[in-house]
There are 2 protein chains.
Amino acid sequence: MRRPTLHDVAAEAKVSIKTVSRVVNGEDNVSAGVRERVQVAVDKLHYVPNTLARSLKVGLGDTIGVVMDSIADPFFASLTSAVEATALEAGLNVVFGSTGFDHGREREQVDRMVMQQVRGLVLAPVRGDHGYLTRYRERVPTVCVDRSIEIEGYDTVVVDDYGATRHGVEHLIAHGHRRIAFVGGNDRYDTINQRMVGYRDCLEDAGIGVEERLVSHDDAETAQAEDAVLRMLEDNPDVTAVFSANTRASLGVVHGLHRARRTDVAMVSFGDFLLAETLEPGVTAIDHDPVAIGEVATAHLLARLGLGDGPPVPPSQAGERVVVPTRLIERGSGEIEVAR
Amino acid sequence: MRRPTLHDVAAEAKVSIKTVSRVVNGEDNVSAGVRERVQVAVDKLHYVPNTLARSLKVGLGDTIGVVMDSIADPFFASLTSAVEATALEAGLNVVFGSTGFDHGREREQVDRMVMQQVRGLVLAPVRGDHGYLTRYRERVPTVCVDRSIEIEGYDTVVVDDYGATRHGVEHLIAHGHRRIAFVGGNDRYDTINQRMVGYRDCLEDAGIGVEERLVSHDDAETAQAEDAVLRMLEDNPDVTAVFSANTRASLGVVHGLHRARRTDVAMVSFGDFLLAETLEPGVTAIDHDPVAIGEVATAHLLARLGLGDGPPVPPSQAGERVVVPTRLIERGSGEIEVAR
DNA sequence: ATGAAAGCGCTAACAA
DNA sequence: TTGTTAGCGCTTTCAT
């Protein structure tokens with residue numbers, strides 16, 4: 001059963017295809033009688049317009065693409081959800097592709113989406129060469145989220161990893177801590193590296209200095225972070241506080257502290273999570289809100305597409321860097337005073 | 001700057017557009033010399049094929065659609081992730097649309113995707129009339145996930161909400177519990193209603209009987225569930241165990257029990273969550289694995305599209321109902337014996 | 001091995 | 001108000 005086309009509807013209603021097109025698209029210059037007849041034919045045949053053909057003709061697709069590490073990651077799930085909600089208001093569909101942290105797959109996904117004629121792209125870039133993107137610059141406005149790329153000229157929406165981490169570490173220092181461990185690092189993530197630098201600079205500037213024995217590496221995942229924090233506390237009994245560099249690691253740190261019954265150890269988590277306020281004590285967290293990032297990024301994209309409030313922004317003007325504010329949510333774990 | 005087409009490449013390479021098409025599609029009947037020349041032109045012009053035009057001509061799109069409550073919900077995020085991974089292997093892109101539990105929006109999303117010529121659909125149906133789907137039956141294979149619809153003839157992949165709940169409640173009974181509260185209900189969700197029935201039947205069959213004072217209603221969200229469990233324990237001091245009917249509610253129940261310092265109260269959660277094993281005691285949970293649901297559903301869809309292992313399955317044969325197994329993960333909270 | 005022509009379903013431009 | 005024509009970028013069919 002072939003799907004009906006404008007032609008079929010036109011034959012059924014005994015009008016020209018253009019008239020059907022007018023009715024379907026809600027144009028007003030059609031007489032009520034004809035409109036009615038066409039509508040009946042449309043309903044009878046269950047006609048559904050073919051947006052592929054429409055897009056081909058008009059030269060503009062009706063989708064935007066979202067390329068992320070993994071949609072299963074709650075952070076990116078929320079981000080994507082915000083993108084979808086914002087895009088929907090502008091009448092755009094969302095296609096999704098995950099990279100699995102693989103730069104080659106990122107490129108494949110982007111290429112596929114460009115072939116699919118996406119109007120624009122929201123991309124959480126994997127580290128690597130993004131030169132391939134430049135050929136699309138003029139045609140497919142692209143906004144990077146969460147992380148930036150090594151080349152100029154792309155709008156980017158990030159949080160201030162460095163500054164927010166300094167804020168978190170300062171918070172611990174303000175509560176008397178001097179031996180602050182860093183857990184949850186991973187060289188693969190530029191964002192986490194920024195947090196590491198923030199941690200180091202903050203301690204240096206506070207005149208405390210960094211002790212490498214307190215810095216754990218390559219333990220960004222939950223299980224690794226749990227092991228790491230247990231080892232850290234074992235090897236360094238003088239540690240009084242832990243800064244966890246990412247959400248997944250924080251879950252492990254929480255568990256580790258709990259298992260070791262170290263309610264005396266303070267903790268600040270970079271990244272908020274669902275049960276953070278449910279735990280006892282609540283986990284003090286730096287909230288980097290994926291919804292805000294998604295909304296801001298999509299708003300930028302829509303502006304570039306001329307679908308925002310203002311006029312379309314030409315590609316030549318791209319390259320803006322938006323820093324979405326973070327906030328430190330005090331819940332108890334970060335306000336534990338150092339034991340005297 | 002117009003994007004280059006086959007025409008442009010053909011002109012550049014001084015061949016016909018068909019030859020370019022052959023090279024781009026990797027057909028073999030092209031001489032090495034010409035192939036080389038075309039390839040150079042493709043690279044020089046940064047030619048990217050237009051899959052919209054291709055799909056229009058071929059009559060088949062290259063995407064499947066996923067329609068869910070919300071991508072921000074971890075359950076559906078994982079499910080969608082599994083769908084994407086499976087679809088990608090078959091060379092299909094994924095478009096995503098959320099319903100926000102609104103039946104009207106479900107229909108809008110489905111309609112949009114059909115217009116976009118999706119090859120197939122994975123749908124978590126919102127309760128309501130799905131008659132509108134039948135017109136697409138022949139053209140767009142559709143698999144329902146997590147919930148079924150009121151009409152026959154659609155493949156459905158669900159978990160055994162009823163049976164799994166019975167299993168969970170039996171587990172509590174086996175540990176001596178008789179006063180088992182039910183928290184986290186919500187009439188809007190058929191799945192949760194099934195769980196409620198399972199709870200009731202299980203208690204009846206065990207000769208315990210249902211006491212309505214132990215059944216809380218309309219508290220499916222975290223904050224509501226927390227209030228509900230606190231009220232429940234206050235009003236009914238004889239309660240020794242709680243069955244939480246959904247994951248979000250479980251977070252509230254955990255918090256509530258914690259706040260009330262009721263480590264003597266047993267708990268089983270329908271739905272696993274990230275910190276379930278991190279808490280003390282670990283939360284015994286019925287795991288309904290979204291990844292399994294997503295994979296099975298997509299495999300079914302691909303089979304219907306003729307992209308699976310076997311031959312394409314005609315729409316007339318649709319209507320299969322797959323029940324993905326669940327398991328009860330014992331972590332401690334469900335094994336608390338009743339206080340004597 | 002290569003090419004010319006037709007047409008997928010639609011809309012823009014232009015008649016009538 | 002309604003209809004005709006051309007053509008979006010591609011693949012298919014049928015030459016050469």
Side-chain angles (χ1 to χ4, degrees), chain A residues 1-39 41-42 45-63 91 111-112 114-119 139-140, chain B residues 1-39 41-42 45-63 112 114-119 139-140:
Chain A
M1 207 168 88
R2 215 182 87 273
R3 91 178 303 179
T5 71
L6 278 185
H7 248 95
D8 303 318
V9 179
E12 175 75 23
K14 309 216 188 297
V15 293
S16 79
I17 65 167
K18 179 62 213 187
T19 302
V20 179
S21 171
R22 287 198 176 98
V23 173
V24 169
N25 290 14
E27 291 171 38
D28 48 357
N29 45 349
V30 180
S31 70
V34 174
R35 155 164 280 120
E36 171 69 14
R37 230 168 59 230
V38 170
Q39 198 55 58
V42 164
L45 300 180
H46 295 318
Y47 169 75
V48 178
N50 183 331
T51 51
L52 256 45
R54 180 176 206 291
S55 295
L56 179 61
K57 176 65 191 174
V58 176
L60 289 173
D62 63 345
T63 59
D111 285 343
R112 277 157 67 97
V114 172
M115 293 190 225
Q116 250 196 295
Q117 314 296 108
V118 291
R119 287 280 281 280
R139 299 193 320 91
V140 187
Chain B
M1 207 167 86
R2 218 181 85 273
R3 89 177 306 179
T5 72
L6 280 186
H7 246 95
D8 303 319
V9 179
E12 175 75 25
K14 310 220 186 299
V15 293
S16 78
I17 66 167
K18 177 64 215 186
T19 302
V20 179
S21 171
R22 287 197 176 97
V23 172
V24 168
N25 290 12
E27 291 171 39
D28 48 357
N29 46 350
V30 180
S31 69
V34 173
R35 156 164 280 120
E36 170 66 21
R37 227 165 63 227
V38 170
Q39 198 56 59
V42 164
L45 299 180
H46 295 318
Y47 170 75
V48 178
N50 182 332
T51 51
L52 255 47
R54 177 173 209 291
S55 295
L56 178 61
K57 177 67 193 176
V58 175
L60 290 173
D62 64 343
T63 59
R112 276 156 66 96
V114 172
M115 293 190 228
Q116 251 197 291
Q117 313 297 105
V118 290
R119 287 280 282 279
R139 299 192 322 91
V140 187

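In what follows, chains carry the letters A, B, and so on, assigned in the order in which the sequence lines appear, proteins first and then strands, with residues in each chain numbered from 1. Scope of the values below: all heavy atoms of this structure, side chains included, with no hydrogens, waters or symmetry mates.
- Comparing A:T51 and B:S16 against DNA chain C, the residue whose closest nucleotide sits nearer the 5' end is B:S16.
- Side-chain N/O atoms of A:S55 include none lying less than 4.0 angstrom from OP1 or OP2 on C:dC10.
- At the phosphate of C:dA1, neither OP1 nor OP2 sits under 4.0 Å from any side-chain N or O atom of B:S31.
- Between the side chain of A:R3 and the base of C:dG9, no donor-acceptor pair under 3.5 Å is found.
- Distance, B:H7 NE2 to C:dA4 P: 10 Å, rounded to whole Å.
- B:S55 and A:L52 make their closest contact through CB-CD2, 3.5 Å (heavy atoms, listed as atom of the first residue, atom of the second, distance).
- Scanning both residues, B:V15 and B:R37, for their nearest heavy atoms gives CG1-NH2, 3.2 Å.
- Distance, B:L6 CG to D:dT11 C1': 9 Å, rounded to whole Å.
- Minimum interatomic distance between A:R35 and A:V30 (heavy atoms only, all atoms of both residues): NH1-O, 3.5 Å.
- Spacing between atom CZ of B:R139 and atom C1' of C:dG9 amounts to 13 Å, rounded to whole angstrom units.
- Ranking D:dC10, C:dT11, C:dT2 by closeness to the B:V34 side chain, first place goes to C:dT2.
- Counting to the nearest Å, the P atom of C:dA1 and the NZ atom of B:K18 are 14 Å from each other.
- Of the inter-residue distances, the one linking A:Y47 atom OH with A:T5 atom OG1 reads 7.0 Å to the nearest 0.5 angstrom.
- A close approach under 4.0 Å does not occur between any side-chain nitrogen or oxygen of B:T19 and OP1 or OP2 of C:dT2.
- At a threshold of 4.0 angstrom between heavy atoms, the contacts of A:L52 with the nucleic acid are absent.
- Atom C1' of nucleotide D:dT2 and atom CZ of A:R37 are separated by 11 Å, given to the nearest angstrom.
- Considering every non-hydrogen atom in both A:E12 and A:A41, the closest pair reads CG-CB, 3.4 Å.
- Summarising the geometry of B:S16 relative to B:A10, their closest heavy-atom pair is C-CB, 3.8 Å, with the distance given to 0.1 Å.
- Within 4.0 Å (heavy atoms only), A:N29 reaches at least one base atom of the nucleic acid.
- When each of B:R22 and B:P49 is assigned the nucleotide of DNA chain D bearing its nearest heavy atom, the one mapping closer to the 5' terminus is B:P49.
- Nearest nucleotide to the side chain of A:A53, out of D:dT2, C:dG9, C:dT11: C:dG9.
- Each of C:dT11, C:dC8, D:dG3 was ranked by its minimum atom distance to the side chain of A:V15; first place goes to D:dG3.
- Atoms NZ (B:K14) and C1' (C:dT2) sit 17 Å apart, rounded to a whole Å.
- Looking at B:K57, its side chain has no donor and acceptor atom pair within 3.5 Å of the base of D:dG9.
- Across the protein-nucleic acid pair, B:N25 atom CG and D:dG9 atom P stand 17 Å apart, rounded to whole Å.
- Side-chain proximity of B:V30 to the nucleotides C:dT2, D:dG9, D:dT12 is greatest for C:dT2.
- Look at CD on B:Q116: it is 16 Å from C1' on C:dG9, rounded to the nearest Å.
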